[in-house]
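Residue numbers count from 1 along this sequence. Please read all numbers here as calculations on a predicted model, not as lab measurements.
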Amino acid sequence: MNFNYELMDISACCFFTTNLNAPLHMHKLAEIVYVTYGSVSAIINEHSFILNEGSYVITSPNTLHSLIAITPQTETMISLFQPNFVTDFDKKLRHMNNSFVCNSANNLNNYGTLALNGLIMFGRENTAREDVDISALKGLLHVFLSSIQLDTSESKISGSYELCHKALLYIDENIKSDLSLKTLSAELHVSPYYLSHEFSRKIGIPITKYINDKRLNIAASLLLKSSVKITEAAYEAGFSSVRTFNRRFLESYKTTPMEYKQEHLTKKYQ
């Protein structure tokens with residue numbers, strides 16, 4: 001299952017998914033992934049490993065990572081949250097500096113085990129719901145993180161991984177600005193060819209497609225809000241014209257922005 005981080009316009013969530021497919025990416029959220037069945041291939045910065053059933057990984061915000069199921073019907077629990085959602089761990093999560101924690105649930109203490117079981121229950125009960133009370137989730141995350149030693153030492157990334165990390169950060173922070181290959185390469189002090197080649201090689205898609213998809217995802221998230229007009233969503237996502245936005249949205253989502261907005265608002269109020 002692919003899922004859209006741009007659509008997660010909330011402070012925290014916890015849900016289950018099967019056959020996780022999240023190619024190399026990064027986002028501003030802290031993330032906990034726990035494998036309840038099967039195995040997941042993980043790449044975090046330049047570290048590759050397998051998450052087997054009963055294992056978990058915690059990634060800090062703005063960490064380059066991919067998570068892809070490698071066994072049939074792999075089931076994972078995922079919790080995504082803003083660092084300041086769990087106040088006591090805000091600074092630690094922000095200062096993990098591309099680090100991650102990976103371990104087996106068997107090594108958790110009693111409190112950690114109870115909190116993990118609580119997260120599993122919360123995720124199963126709330127995966128398909130939109131009206132979720134996240135106060136319980138805050139408590140569970142606090143206890144779970146309290147049982148783990150978070151590593152705040154910096155995890156070094158080098159070469160093309162560092163370039164891609166800088167490119168993704170710049171794109172995130174300047175999504176409404178000019179993000180042409182010429183502009184990006186000038187900001188990152190590399191040639192356009194080198195940036196394009198290394199980004200495609202490491203991330204797996206051309207940088208122009210990544211920017212286009214990200215802008216479409218942001219716009220799609222904004223369209224779910226009844227107060228946001230299509231023109232506003234287009235410009236907030238960084239498109240220079242509504243005409244271009246409408247064409248690209250139709251190509252990607254196989255529906256027009258208006259139809260998409262009406263369909264999701266209808267479902268919401270049914």
Side-chain angles (χ1 to χ4, degrees), residues 1-31 33 59 61-62 64-68 76 78-82 85 123 126-132 134 167-180 184 199 203-270:
M1 173 185 175
N2 289 292
F3 56 90
N4 180 0
Y5 288 95
E6 263 64 57
L7 295 181
M8 307 224 172
D9 186 24
I10 53 177
S11 55
C13 62
C14 185
F15 58 93
F16 272 80
T17 182
T18 55
N19 300 326
L20 176 64
N21 181 23
L24 209 58
H25 66 286
M26 57 178 267
H27 48 76
K28 297 178 180 179
L29 304 170
E31 182 173 5
V33 176
T59 54
N62 296 322
L64 197 58
H65 63 292
S66 72
L67 297 160
I68 298 175
T76 50
I78 298 174
S79 183
L80 295 155
F81 53 98
Q82 299 286 349
F85 179 69
N126 295 290
T127 291
R129 292 177 55 190
E130 293 185 3
D131 56 333
V132 179
I134 58 175
L168 291 169
L169 276 176
Y170 186 86
I171 291 167
D172 271 0
E173 294 170 357
N174 298 276
I175 196 64
K176 293 169 67 175
S177 305
D178 172 29
L179 291 176
S180 65
L184 279 169
F199 192 96
I203 305 301
I205 60 173
I207 193 167
T208 51
K209 176 171 171 51
Y210 176 87
I211 294 167
N212 182 67
D213 289 350
K214 186 173 184 67
R215 283 174 165 163
L216 287 172
N217 291 339
I218 291 171
S221 176
L222 291 170
L223 289 173
L224 299 181
K225 301 177 180 179
S226 57
S227 60
V228 177
K229 297 179 179 179
I230 291 173
T231 301
E232 184 181 355
Y235 290 130
E236 282 295 313
F239 288 96
S240 58
S241 74
V242 177
R243 183 178 180 181
T244 299
F245 168 61
N246 285 334
R247 184 182 74 252
R248 292 183 180 175
F249 195 96
L250 180 60
E251 289 172 354
S252 180
Y253 284 81
K254 309 305 178 187
T255 186
T256 68
M258 178 59 75
E259 290 168 342
Y260 178 88
K261 185 178 183 68
Q262 290 175 339
E263 177 185 353
H264 284 79
L265 289 179
T266 300
K267 288 180 181 178
K268 183 177 180 180
Y269 293 109
Q270 278 180 346

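The shortest side-chain heavy-atom distance between Phe245 and Thr231 does not fall under the 4.5 Å cut-off. Between Thr256 and Phe249, the closest side-chain pair of non-hydrogen atoms is not below 4.5 Å. For the pair Asn62/Leu168, no side-chain contact is recorded, criterion being any heavy-atom separation below 4.5 Å from C-beta on. Residues Lys229 and Lys261 are not in side-chain contact: their nearest non-hydrogen atoms beyond the backbone lie 4.5 Å or more apart. Side chains of Ile207 and Leu179 form no contact here, defined as non-hydrogen atoms less than 4.5 Å apart. Using a 4.5 Å heavy-atom cutoff, the side chains of Leu169 and Met26 are in contact. Side-chain contact check for Ile78 versus Leu20: some heavy-atom pair is nearer than 4.5 Å. In this structure, the side chains of Ile211 and Leu184 come closer than 4.5 Å at one or more pairs of heavy atoms.
Nearest heavy atom pair, residue Pro61 against residue Ala30, reads CG-N, 4.0 Å. Ile68 approaches Pro23 most closely through the heavy-atom pair CD1-CA, 4.4 Å. A pairwise comparison of heavy atoms in Leu24 and Ser66 identifies N-CB, 3.3 Å as the closest pair.
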query = So Val33 and Thr59, side chain to side chain contact (heavy atoms under 4.5 Å, CB included) or not? Walk me through it.
reply = CA-CA 9 Å; Val33 176; Thr59 54; over 6 Å; no
task = List the steps, then state whether side chain to side chain contact (heavy atoms under 4.5 Å, CB included) holds for Glu236 with Val228.
result = CA-CA 10 Å; Glu236 282 295 313; Val228 177; over 6 Å; no
ask   = Checking side chain to side chain contact (heavy atoms under 4.5 Å, CB included) for the pair Leu216/Phe239: CA distance, chi angles, key distance, verdict?
value = CA-CA 9 Å; Leu216 287 172; Phe239 288 96; 3.7 Å; yes
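Interatomic distance, CZ of Arg215 versus OG of Ser252, reported as 14.5 Å (0.5 Å rounding). To the nearest 0.5 Å, atoms CE (Met258) and CG (Asn246) are separated by 9.0 Å.
By the salt bridge (charged side-chain N to carboxylate O under 4.0 Å, His left out) test, Glu232 is found to be paired with no residue, residues two or more places apart in sequence or in another chain being considered. Every residue two or more places apart in sequence or in another chain that forms a side-chain hydrogen bond (donor to acceptor under 3.5 Å, both in side chains) with Ser241 is listed here: Thr244. Legend: residues meeting side-chain hydrogen bond (donor to acceptor under 3.5 Å, both in side chains) with Lys28, ordered by chain and number and at least two apart, are absent.
One N or O on the side chain of His25 and one on the backbone of His65 form a donor-acceptor pair closer than 3.5 Å. Judged purely by atom type and a 3.5 angstrom limit, Asn212 has no side-chain atom pairing as donor or acceptor with the backbone of Thr208. The closest donor-acceptor contact from the side chain of Ser79 to the backbone of Cys13 lies under 3.5 Å.
The aromatic rings of Tyr253 and Tyr260 sit perpendicular to each other, their planes meeting at more than 60°, with 30° as the lower class boundary. Between Phe85 and Phe81, the ring-plane angle classifies as tilted under the 30° and 60° cut-offs.
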